[in-house]
There are 2 protein chains.
Amino acid sequence: MTATGIFDGIAPAGPGSGPLYLRLGRAIEAAIDSGRLGPGDSLPPEREIAGRTGLSRVTVRKAVQSLVLSGRLVQRRGSGTFVAPRMERLEQALSRLTSFSEDMARRGKAVRSVWISRQIRLATPEEMMALGLTAEDRVANIERVRHADGVPLAIERAVLPTAILPDPAAVDASLYAALAARGLRPCRAVQRLSATNLAAADAALLAVAPGAAGLRIERISYLASGRVVEFTRSLYRGDAYDFAAELRLSDEPEGEP
Amino acid sequence: MTATGIFDGIAPAGPGSGPLYLRLGRAIEAAIDSGRLGPGDSLPPEREIAGRTGLSRVTVRKAVQSLVLSGRLVQRRGSGTFVAPRMERLEQALSRLTSFSEDMARRGKAVRSVWISRQIRLATPEEMMALGLTAEDRVANIERVRHADGVPLAIERAVLPTAILPDPAAVDASLYAALAARGLRPCRAVQRLSATNLAAADAALLAVAPGAAGLRIERISYLASGRVVEFTRSLYRGDAYDFAAELRLSDEPEGEP
DNA sequence: TAGTGGTCTAGACCACCAA
DNA sequence: TGGTGGTCTAGACCACTAC
């Protein structure tokens, strides 16, 4: 379906205000919001939009780019530009220490991991800090892209002391399962979340546009003894994940117990 | 300071691989990482970079734009392009129900709120769902930009049943203080976090580039009685905030206690 | 007033995909 | 092979800032 009439009133003399690329962007977005363009529908070729609106192709591309960035459109070279399919957002509790594999299994999703790296190497200064190691210590480094039902959802880069995980190749689908087999499953973790624009390389791994918003999560996990188990830096697709947290009013002053 | 020699090896015949705008972007980023360009330093004008590298200004702008998006550069029209100042990241606990004002006061920050809107209006369908209202019910709508030490950090859009807050104009610096004065301070809340690219309007309110990553937080707060107090949708600057959460292994099935 | 970033154009070539 | 998006250019005008 190629909606007609969406591109009226964009021309320099037309109504609306502000830069032309913003006006065109709003017009396309309105067409999606109103349902005149539905998920999977194709937009006309950039050259045709340019012709119809009287704009240059550069300007059309600038308008489209902003919508690609915000995840409303998808572009495929050699194929076309399409309205992005409705993305089902996955919700994850922020207070329970679960593993990705178990989490997805509970939802009935087919999990797949694409390995980026699985090796033993020296710890970086940041990792030494997090894991409490020295410059001579080595770490098991595990990096993978997590998929659920074929959709890449997250990049996970974990480092563990070799004392905890001597052989990273032993990790199959679930890191926590491998740890549990050794009796070293963490029972507590501290996480830090922030939002970031995905760099080109990470964006490619997650099949989103460079610069798309992602959730960066750093997690340090501990055994009951207080020993550090893992230091994991993950990048989640911003359009695919919701993290849920429950807050309680605490009158106690902050500080170590 | 205007570093020289940063722009070598960018020309079409030069080394490196991939699109020219990516090569130039990497070169500038490397100059920042290596310290040859420090916070506050200015880049040469776009036209000069174009001249030195043999690229067109459009290509130079594309390279610079990606760094502006990721927050490494700041552009000021009529003035120039500068390396972004180091941003101090604020950390906030995700398990404690605190108010922005109190949180910042505890850190010794000067808090300021810029009001966007303060009104009584009908509830939208989404707000009816969240607050448990009907189509006839009205809500107090409070929208403001939160600043700490002069830096815009978050956009906060709260709606409350008029039964809870009959007069939104009574809210001064702190919403929670106003509620506490009426004996209606929430003691529990459920939050959902996700990452998103900030739309142009929101980005402008937060003084970041359009498309920059932001953290979207939806919060529904409750009284001890279970009555809903507020439904708040906030957008936090991705470059300014870290949210911290502690996770525990829970073997119990999920559900209400 | 001079210089900066912001917008816009017309046209070109390349890489990729589908028929 | 024809059409699509991806990259790139040279040049123009505007809006704003600093002086």
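The figures that follow rest on heavy atoms only: side chains count, while hydrogens, waters and symmetry mates do not. No experiment lies behind these values; they were computed from the predicted model shown. We name chains A, B, ... by the order of the sequence lines, and we start the count at 1 in each one.
- Note on B:S79: every side-chain N or O is 4.0 Å or more away from OP1 and OP2 of D:dT17.
- One finds a side-chain N or O of A:K62 lying less than 4.0 angstrom from the OP1 or OP2 phosphate oxygen of C:dT7.
- Side-chain N/O atoms of A:Q75 include none lying less than 4.0 angstrom from OP1 or OP2 on D:dT4.
- Residue A:T59 places at least one side-chain N or O under 4.0 Å from the OP1 or OP2 atom of C:dT9.
- With hydrogens and angles ignored, no donor-acceptor pair under 3.5 angstrom links the side chain of A:R47 to the base of C:dG11.
- The pair A:E156-A:R144 meets the salt-bridge criterion, with a side-chain N (NZ, NE, NH1 or NH2) lying under 4.0 Å from an Asp/Glu carboxylate O.
- Rounded to the nearest 0.5 Å, atoms CG (A:L215) and CZ (B:R216) are 11.5 Å apart.
- In this structure, A:L235 and A:R157 approach most closely via the heavy-atom pair CD1-NH2, 4.4 Å.
- Of the candidates B:E143, B:E218, B:E126, B:R233 forms a salt bridge (Lys or Arg N to Asp or Glu O under 4.0 Å) with just one, namely B:E126.
- A:R76 comes within 4.0 angstrom of sugar-phosphate atoms only, judged by non-hydrogen atoms across all strands, and of no base.
- Taking 3.5 Å as the limit, the base of D:dG3 and the side chain of A:R77 contain no donor-acceptor pair of atoms between them.
- As rounded to whole Å, 21 Å separates atom P of D:dG2 from atom CD of A:E46.
- Both A:G80 and A:V58 lie near DNA chain D, and the one whose nearest nucleotide falls closer to the 5' end is A:G80.
- Contact annotation: B:Y21 side-chain N/O to D:dT7 OP1/OP2 distance is under 4.0 Å.
- In this structure, B:L24 places its CG atom 13 Å from C1' of D:dC8, rounding to the nearest Å.
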